[in-house]
Structure formats: C-alpha cells, structure tokens
Amino acid sequence: MSQTGSGPQDKDHAAEITILPDGERVAARPEETLLAALSRAGLGYRIGCRRGGCGVCKLHLLLGEVRYERTIADSVLSDEERVEGICLSCRAIPITNVVIELQEGDKLRRVLPLGFASGFAVKLQTGT
C-alpha cells in the first residue's frame, strides 16, 4: 500500500475501488477521488468538510496506491497514519485498483448520487 504525492498516472485508467466490510465495488473515473466515486455510485458513510481539512472521511487503505493533488496538513493526516495505511477519501485519487475499509463504527449506506435531480416527479410512460 502506498500514498504518493505525485507520480505517473494513466489518464484513461479507471481504478476499481473495493469497500470492506461490505464488498461493494465501484469504478473511479480518472482523476476522481475515492469519496467522489463512492458518492457518484450512490454510496455514503460518515464525511465532513469534503476539502481535506477535517479528517472525518479517513479510511484504511488496505491494498493499492493513491495520490493527492494538494498537500494534506499533518494535523489532518499524520505521517504515522499514512504509514498505517490511513487516507483521506475526499482527497485521495486512486492510481491503482484499491481495497479500502471504513473506520470502525462507520456503515456504508445507499444514498442518492450527487447531482441527482430532486424536487420534481418523473412520470414514466408504460406501454398499453
């Protein structure tokens, strides 16, 4: 497991994210963070500021590699945590297929994907 600040990445590569303990699998688009990929797939868990400033969205990176576009403050993600495989899902971009595990007490839940239109009804037409 590795967390790199920069490095080569195939812009066409779509990494697969496996979320434990549920075993859900989600494909991340190129340059998409772990959190954005899970949200797009309609999956949610405990999150905070979504900007890398609070650390609420920390996950265990069990397998694979991620990188960060911007520096993460040591007060949010320490070197010791990085060595232990902790990453910030709101800023971590997978550069390989990854296996992540939610923090103890967190539960994966189904939510409406980001950008899902709400507030109006969609009328379905059925053949008669």
Side-chain angles (χ1 to χ4, degrees):
M1 100 192 95
S2 174
Q3 299 179 33
T4 58
S6 63
Q9 179 180 14
D10 177 359
K11 299 289 186 196
D12 296 326
H13 173 73
E16 182 179 81
I17 303 166
T18 302
I19 307 105
L20 298 179
D22 302 274
E24 292 278 346
R25 290 192 174 144
V26 173
R29 295 175 177 161
E31 303 300 312
E32 187 173 44
T33 66
L34 297 171
L35 179 60
L38 271 60
S39 294
R40 183 177 43 76
L43 299 172
Y45 57 98
R46 183 173 54 136
I47 57 171
C49 71
R50 298 177 185 239
R51 295 173 294 146
C54 70
V56 171
C57 67
K58 290 178 183 176
L59 299 169
H60 294 273
L61 179 65
L62 300 176
L63 292 172
E65 295 183 47
V66 298
R67 66 179 177 84
Y68 296 97
E69 287 289 312
R70 290 179 237 156
T71 304
I72 305 295
D74 288 338
S75 60
V76 177
L77 187 64
S78 69
D79 288 337
E80 292 81 21
E81 287 176 311
R82 290 175 195 250
V83 168
E84 292 173 10
I86 305 296
C87 70
L88 288 181
S89 65
C90 70
R91 289 288 169 212
I93 298 170
I95 57 177
T96 65
N97 291 342
V98 296
V99 176
I100 57 175
E101 183 175 39
L102 300 179
Q103 294 184 59
E104 187 174 331
D106 281 353
K107 293 186 191 273
L108 198 60
R109 64 188 191 284
R110 291 270 171 207
V111 295
L112 294 177
L114 289 178
F116 185 83
S118 62
F120 66 92
V122 176
K123 189 173 186 178
L124 296 178
Q125 294 182 338
T126 58
T128 56

Peer 1: Are Val56 and Ile72 connected in a single hydrophobic cluster, I mean Ile/Leu/Val/Met/Phe/Trp/Tyr linked by side-chain heavy atoms less than 4.5 Å apart?
Peer 2: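 No, because Ile72 and Val56 fall into different hydrophobic clusters, even though each may have its own neighbours under 4.5 Å.
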Peer 1: Atom CD in Glu101, atom CG in Asp22: separation rounded to 0.5 Å?
Peer 2: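 Between atom CD of Glu101 and atom CG of Asp22 there are 10.0 Å.
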Peer 1: Over all heavy atoms of both residues, which pair between Ser89 and Thr33 is shortest? Give the atoms and the distance, please.
Peer 2: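 Where Ser89 meets Thr33 most closely, the heavy atoms are O-CB, 3.6 Å.
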Peer 1: Hey, are the side chains of Cys87 and Leu34 touching, using non-hydrogen atoms and a 4.5 Å cut-off?
Peer 2: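 Yes - at least one pair of side-chain heavy atoms lies under 4.5 Å apart.
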Peer 1: How far does CD of Glu80 sit from CZ of Arg82, to the nearest 0.5 angstrom?
Peer 2: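 With rounding to 0.5 Å, CD (Glu80) is 10.5 Å from CZ (Arg82).
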Peer 1: For the pair Glu32 (side chain) and Ala14 (backbone), establish whether a donor and an acceptor sit closer than 3.5 Å, ignoring hydrogens and angles.
Peer 2: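 Side chain of Glu32 to backbone of Ala14, a donor-acceptor pair under 3.5 Å: no, none is there.
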Peer 1: Rounded to the nearest 0.5 Å, how far apart are CG of Leu35 and CG of Leu43?
Peer 2: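 Leu35 atom CG to Leu43 atom CG measures 11.0 Å (nearest 0.5 Å).
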Peer 1: Considering all heavy atoms of both residues, which atom of Val76 and which atom of Glu81 are nearest to each other, and what is their separation?
Peer 2: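 The pair with the smallest heavy-atom distance is O-OE1, 3.7 Å.
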Peer 1: Considering the options Asn97, Ile19, Thr18, which one meets the side-chain contact (heavy atoms from CB on, under 4.5 Å) requirement together with Arg25?
Peer 2: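 That would be Thr18; it is the only one of Asn97, Ile19, Thr18 passing the side-chain contact (heavy atoms from CB on, under 4.5 Å) with Arg25.
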Peer 1: If I compare all heavy atoms of Ile17 with all of Ala28, which pair ends up nearest, and what's the gap?
Peer 2: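 Ile17 and Ala28 have their closest heavy atoms at CD1-CB, 3.8 Å.
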Peer 1: Can you sort out the partners of Glu24 under salt bridge (Lys or Arg N to Asp or Glu O under 4.0 Å), two or more places apart, ordered by chain and number?
Peer 2: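 Glu24 satisfies salt bridge (Lys or Arg N to Asp or Glu O under 4.0 Å) with Arg110 once adjacent residues are dropped.
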Peer 1: Would you compute the distance between atom CG of Leu59 and atom OH of Tyr45 and round it to the nearest 0.5 angstrom?
Peer 2: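 These two atoms lie 4.0 Å from each other.
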Peer 1: Search all heavy atoms of Leu77 against all heavy atoms of Lys58 and return the closest pair with its distance.
Peer 2: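 Minimum heavy-atom separation between Leu77 and Lys58: CD1-CE, 4.4 Å.
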Peer 1: Output the distance between atom CD (Glu16) and atom OG1 (Thr96), rounded to the nearest 0.5 Å.
Peer 2: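 Between Glu16 CD and Thr96 OG1, I get 11.0 Å after rounding to 0.5 Å.
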Peer 1: Between atom CD of Gln103 and atom NE2 of His60, what is the distance when rounded to the nearest 0.5 Å?
Peer 2: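 Answer rounded to 0.5 Å: 6.0 Å.
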